[in-house]
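First up is the structure itself, then whatever we jot down about it.
All residue numbers refer to positions in the sequence shown, counting from 1. Bear in mind the structure is a predicted one, so any value in this text is a computation, not a measurement. Indexing begins at 1, ligand by ligand and atom by atom, following the structure's order.
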Amino acid sequence: MKKLFDKMYKDSAKSFYEILSKNLKDEKRMFVVTANPETFMISDTDKEMEKLLCDKKTVIVPDGIGVVKASHMLGLDVKERITGVDIAAELLKLGDEQNKSIYLFGSKQEVIASLTKVIEENYPNLKIAGATNGYEKEKDKLFSEAAKTNPDIILVALGIPNQEKIIYRHLEEFKKGIFVGVGGTFDVLSGYKKRAPKIFINLNLEWLYRIMKEPKRFKRFWNNNVKFLLKIRKER
Ligand code: UDP
């Protein structure tokens, strides 16, 4: 697990967005994994996930506060959280500024429809190359079809680890593209769900807000975070 922390992006969100902007402009292919404790826990038992995270082409950023704190416990100078929702919002902005195209893959059909509207209204220069909801059966086939639209940005909202795995399986079929597995981000960007109020974000309690809003998340949170903390202690 330590080797994944070593390769994680450690600088500020601002500097990361500069890299995103440059790669988008230069049409470089880039795969970003926004890591939470769950990401590392899954990679411990799931070989496919471990392989994609270890791949030197994969960029891992610290999404959850648990990952930032664990990095500090391991003596690494990780500056701050760089969240999936902030990256997705930044990519919409950059895509609009640079007249790029986006493919939306995942989440419910009505969420996709609302997000499409939000993009058309607020990011008029960002072309929607295509969109596929995350409840279709033949996802791999549909992902390959998405490659044919040659998008500049590909956001995948299927939940961890499916979103990361499908991106990794098909990466080489795309000539270019910034790929990010964004979890529940479409729900927030489309206005379907509210992101935590600023006070929760600033106090590093966004996880608590999500559990309060959706108590069924508690088990998932508890299992991953407690085991994660024990692992980090051992690694130390
Ligand atoms: N999802 C999907 N297909 C599925 C299962 C989930 O498209 O078969 C979507 C779901 O609608 C949601 C996202 O994947 O938009 C996962 O969101 P979640 O909040 O669980 O992710 P987190 O942000 O916690 O990683």
Side-chain angles (χ1 to χ4, degrees), residues 31-44 46 48-49 52-53 58 60-68 81-92 102-119 128 130-143 145-146 153-170 179-197 200-201 204-228:
F31 174 27
V32 182
V33 174
T34 67
N36 280 304
E38 197 175 0
T39 316
F40 295 100
M41 292 316 296
I42 293 174
S43 79
D44 240 22
D46 184 329
E48 199 181 339
M49 191 68 172
L52 75 86
L53 289 171
T58 306
I60 307 175
V61 298
D63 183 326
I65 188 61
V67 173
V68 176
R81 293 178 69 199
I82 307 178
T83 68
V85 67
D86 287 331
I87 292 174
E90 184 69 20
L91 282 171
L92 296 184
I102 188 166
Y103 199 104
L104 305 170
F105 199 102
S107 83
K108 294 190 186 126
Q109 186 57 41
E110 62 262 36
V111 173
I112 289 255
S114 303
L115 182 55
T116 302
K117 246 196 204 152
V118 168
I119 292 174
I128 299 180
T132 302
N133 79 66
Y135 295 86
E136 299 284 356
K137 282 221 173 68
E138 296 190 83
K139 291 192 186 57
D140 280 284
K141 191 169 151 251
L142 293 165
F143 211 86
E145 279 168 19
I153 302 164
I154 301 91
L155 300 183
V156 185
L158 294 173
I160 176 179
N162 294 337
Q163 57 196 21
E164 282 76 19
K165 286 182 178 178
I166 201 165
I167 291 174
Y168 195 65
R169 278 201 296 274
H170 296 276
F179 295 77
V180 195
V182 292
T185 292
F186 290 179
D187 302 309
V188 174
L189 295 179
S190 65
Y192 254 77
K193 280 186 195 169
K194 275 208 161 42
R195 191 173 176 190
F200 279 81
I201 298 174
N204 288 323
L205 291 173
E206 189 162 15
W207 56 272
L208 179 62
Y209 179 83
R210 293 189 86 185
I211 291 171
M212 277 158 48
K213 284 279 166 191
E214 295 171 73
K216 67 175 187 316
R217 283 185 181 275
F218 182 73
K219 196 169 158 216
R220 182 175 152 194
F221 172 84
W222 181 261
N223 280 339
N224 282 302
N225 282 266
V226 171
K227 282 187 204 148
F228 179 68

Mind checking whether [X] has an N or O less than 3.5 Å away from an N or O of ligand 1?
| X | answer |
| --- | --- |
| G106 | no |
| V182 | no |
| K193 | no |

Hey, could you give me the CZ/CH2 distance between R217 and W207, rounded to the nearest 0.5 Å?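 Rounded to the nearest 0.5 Å, the CZ-CH2 separation comes to 13.5 Å.
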What's the separation between atom CG in L115 and atom CZ in F186, rounded to the nearest 0.5 Å?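 Here the interatomic distance stands at 6.0 Å.
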Would you please determine whether Y135 falls within less than 4.0 Å of ligand 1 on a heavy-atom basis?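 Right, Y135 reaches ligand 1.
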Any heavy atom of R210 closer to ligand 1 than 4.0 angstrom?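 Heavy atoms of R210 do come under 4.0 Å of ligand 1.
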Atom 13 (C) of ligand 1: nearest protein contact (heavy atom, Å):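 For atom 13 (C) of ligand 1, the nearest protein heavy atom is G183 O, 3.5 Å.
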Starting from atom 3 (N) of ligand 1, what is the nearest protein heavy atom, named by residue and atom, and what distance separates them?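 Answer for atom 3 (N) of ligand 1: G134 O, 2.8 Å.
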Near D187, which atoms of ligand 1 are under 4.0 Å from a heavy atom of that residue?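 Answer, ordered by atom number: 12 (C), 15 (O).
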I'd like to check which ligand 1 atoms, numbered from 1 as shown, lie under 4.0 Å from a non-hydrogen atom of R220.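 Per the distance check, 20 (O), 22 (P), 24 (O), 25 (O).
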If you compare all heavy atoms of T185 against all heavy atoms of G84, which two are closest, and at what distance to 0.1 Å?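 The pair with the smallest heavy-atom distance is OG1-C, 3.8 Å.
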Heavy-atom proximity to atom 17 (O) of ligand 1, best of G184, G181, S107, G64: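 Looking at heavy atoms only, the winner is G184.
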Nearest non-hydrogen contact with atom 9 (C) of ligand 1 belongs to which option: P161, G84, A157, G159?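 Looking at heavy atoms only, the winner is A157.
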Per-residue contact class, R217 against ligand 1 - non-hydrogen pairs under 4.0 Å: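 For R217, only side-chain atoms sit under 4.0 Å from ligand 1.
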Heavy-atom side-chain proximity of N223 to K219 below 4.5 angstrom: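 N223 vs K219: side chains touch.
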I'd like to know if the side chain of T83 pairs up with that of D86 as donor and acceptor (distance under 3.5 Å, no hydrogens or angles considered).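 There is such a pair (donor and acceptor under 3.5 Å, judged by atom type) between the side chains of T83 and D86.
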Decide whether T132 and Y103 meet the rule of one side-chain donor and one side-chain acceptor closer than 3.5 Å.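 On atom types as modelled, these side chains qualify, holding a pair under 3.5 Å.
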Decide, yes or no, whether a salt bridge links D46 with K165 under the criterion of side-chain N to carboxylate O below 4.0 Å.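 Yes, D46 and K165 are salt-bridged.
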Would you mind listing every salt bridge (Lys or Arg N to Asp or Glu O under 4.0 Å) that reaches into residues 183-193, with sequence neighbours excluded?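 Every salt bridge (Lys or Arg N to Asp or Glu O under 4.0 Å) pair that includes a residue of residues 183-193, provided the two are not neighbours, is K193-E214.
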